[in-house]
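So the structure is just underneath, and the comments pick up after that.
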Amino acid sequence: MTAKVAIKRPTYISYQKTLICLDGVQLFTALSGRKRRFICLAVPDDEADELFLCAPVSESHFADYMYEQLDLYGLLKSSTTRKFYTFELNKPVGARYELKEIKSVPDGWMPERHIFSGSHTEAYDFEEDEATADAPIPVEDSVIAIDGRWDARDLATLPELFTDNYSFVYALLAADRSGRSRANEMFRKFPWKGGFSTVGFYDGLYRRVPREHRLAVRGISYNSPGTITLSAVNVAIQKIKDSVSALNDVNSSLQTQYRELRDGMSARELLGRSTHETVVDENDINFVSTRAKLLALDMKFDQLDQLHKLTESNWIATAKILLSYYRRLKMLADFLDTGKAAFRS
Amino acid sequence: MYKENLSSIQGATCPPAHAIEPQNLTAFRLVSSVPPIDGDFDSYQMRGRTRPQDVDECRWHSCSLFKDKSQLLNANGLPKIRGKWAGIVKVTLVAGSGRVVSNARTGHIDWWRYAGYDVVSASTVALEF
């Protein structure tokens, strides 16, 4: 009788994209034959000069890392199989590398905390990445803790307040990820006279969010305290959460900044008329761009460059859209500031 | 003309056509000794590092610099970088120092140094580890 022996096939990866190059390659992504993503980090070793530590990571965690919602330490630790591997960069097997599984990660091989993708030396585009170009943007559950006395109107109001903000942030994320986003035209379509322009803009953005990425209420547990579970693109929710936190900071001067930008634009007769009807000079542009950048910075809105690109570098349109986003964010922040609801971390 | 021999590089012109002579461009680099020595500004090619397939040969022959010191401070937390360097120097690149290509998205600068340019004198210690 012969015993059955499980033969473990070696795992091979192909080098995909350099992310950090500093005194040689420090960090890159690789793909297995089945297009599973690995993140590979250079580690010190007395014997092997170009040794790398590799871990398989999910597209969701990789996107979080690329959007600076997760640091490199967290990304490596998120290994989907809880396994870690090594290989030597200067010892390829043909065009690939054979991974060797290690039992544990030796001391000194993990990066320090707080190293984010902003430290990369090489530019990265999701669109050019064969592993993510057609992969779905990860959707996860976000839990909102609710407390106090809630009536039916409150239950309807909270998701509604989220919707415009979410559609806006999502549109910019999608545009950043792929230059061909369906929502891009919305940023150039409206004359931005105010009123119906604004309503039409947000309505259009919402309708262009793919069904699988729309904000959805997955569950309500009505107790005091209770929870509302929202299903959404997590990166977008995180950005809204960061901005709401800035607005509700006890020392926030955002409302003053908002008013100064809006009043300044009004005094220059840049509001209430379409961007095509407006005559602007260099002083107007300087005022609007400087104030808009400051407002965006303080409200932790890190998508201003993307927004400006989508308005075809029109600072008046960029600022008008930013002001409208601020107003919607403020309504959500005010609701959360009552203490009746809070993001659960 | 350049410190490193770029004529052997196959394919496109090196440095690329869009590389410019810098005008008082401030940049930072990790160095192995403080004060730095000329070899601290060698390219990865000179240091014998393995070139990844997605980085072209011309860039591999350049000196890698950063616009922002904080990027190097962050990178100093990488396991193979940690504890290996003596400090960070600030270099001010002027016309006559060479040619550069700056990447606006990453803040990274590729610098092809002219032969004879005294980079050690042009640098000051920004941080000692």
Side-chain angles (χ1 to χ4, degrees), chain A residues 14-30 40-46 48-53 68 71-73 76 86 88-92 95-97 105-125 128-129 176 305-306, chain B residues 27-33 36 39-88 101-111 129:
Chain A
S14 301
Y15 196 105
Q16 194 208 12
K17 177 81 183 83
T18 306
L19 300 175
I20 300 179
C21 207
L22 185 64
D23 196 33
V25 180
Q26 297 296 330
L27 184 72
F28 69 91
T29 66
C40 302
L41 175 70
V43 289
D45 189 80
D46 292 338
D49 194 34
E50 298 196 72
L51 192 69
F52 280 75
L53 171 70
E68 302 196 69
D71 67 3
L72 182 58
Y73 184 100
L76 276 161
T86 60
E88 291 179 62
L89 188 64
N90 50 354
K91 292 183 181 171
R96 301 184 299 173
Y97 297 94
V105 178
D107 284 347
W109 277 20
M110 286 298 275
E112 284 173 16
R113 299 257 29 173
H114 311 302
I115 296 176
F116 291 95
S117 61
S119 301
H120 290 176
T121 59
E122 311 301 308
Y124 173 86
D125 287 304
E128 292 169 5
D129 189 330
D176 187 34
D305 288 347
Q306 194 62 44
Chain B
F28 296 88
R29 183 165 165 98
L30 286 168
V31 289
S32 58
S33 55
D40 279 319
F41 299 89
D42 282 346
S43 69
Y44 300 146
Q45 174 70 25
M46 288 277 278
R47 291 186 181 181
R49 302 285 180 254
T50 302
R51 177 170 64 88
Q53 59 195 28
D54 59 341
V55 175
D56 69 54
E57 202 180 348
C58 181
R59 285 190 64 205
W60 209 242
H61 280 75
S62 72
C63 171
S64 166
L65 300 166
F66 290 81
K67 274 187 186 163
D68 190 346
K69 189 172 67 178
S70 66
Q71 286 179 290
L72 289 172
L73 284 171
N74 283 335
N76 200 36
L78 293 171
K80 206 174 175 183
I81 300 282
R82 193 163 43 210
K84 191 176 171 183
W85 304 95
I88 295 173
V101 170
S102 299
N103 185 322
R105 284 177 64 188
T106 61
H108 184 261
I109 299 163
D110 297 315
W111 176 43
F129 293 131

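Residue numbering restarts at 1 for every chain, and letters A, B, ... go by the order of the sequence lines.
- What you find for B/Pro79 and A/Gly108 is that their closest heavy atoms are CB-O, 3.3 Å.
- Interface with chain A: from residues 55-62 of chain B, residues B/Val55, B/Arg59, B/Trp60 qualify, criterion being any non-hydrogen pair under 4.5 Å.
- The two atoms that bring A/Cys21 and B/Ser64 nearest to each other are O-OG, 4.4 Å, heavy atoms only.
- Taking all atoms of both residues into account, the shortest heavy-atom contact from B/Phe66 to A/Leu22 is CE1-CD1, 3.5 Å.
- Proximity to chain A is limited to the side chain of B/Leu72, based on heavy atoms less than 4.5 angstrom apart.
- Closest heavy-atom contact between A/Tyr15 and B/Asp54: CE2-OD1, 3.7 Å.
- Contact count versus chain B (heavy atoms, under 4.5 Å) is highest, among A/Leu89, A/Asn90, A/Leu41, for A/Leu41.
- Between the side chain of B/Arg49 and the main chain of A/Val25, no donor-acceptor pair closer than 3.5 Å is present.
- When each of B/Gln71, B/Lys84, B/Arg82 is checked for heavy-atom pairs under 4.5 Å with chain A, B/Arg82 comes out on top.
- With rounding to the nearest 0.5 angstrom, the OG1 atom of B/Thr50 is 10.5 Å from the CD atom of A/Glu88.
- Heavy-atom distances place the side chain of B/Asn103, and not its backbone, under 4.5 Å from chain A.
- In this structure, NE2 in B/His108 is found 6.5 Å from CD in A/Glu122, a value given to the nearest 0.5 Å.
- Note that CD of A/Glu112 is 11.5 Å distant from CD1 of B/Ile81, once rounded to the nearest 0.5 Å.
- In this view, B/Asp68 and B/Ser70 satisfy the side-chain hydrogen bond (donor to acceptor under 3.5 Å, both in side chains) rule, not counting sequence neighbours.
- Considering OG1 of B/Thr106 and CG of A/Leu19, their distance stands at 11.5 Å, rounded to 0.5 Å.
- Between the A/Gln26 side chain and the B/Leu78 main chain, no donor and acceptor come within less than 3.5 Å of each other.
- For a residue to count as touching a neighbouring chain, one of its non-hydrogen atoms must lie under 4.5 Å from one of that chain's; by this rule A/Leu72 touches chain B with the side chain only.
- Considering OG1 of A/Thr18 and CD of B/Gln53, their distance stands at 7.5 Å, rounded to 0.5 Å.
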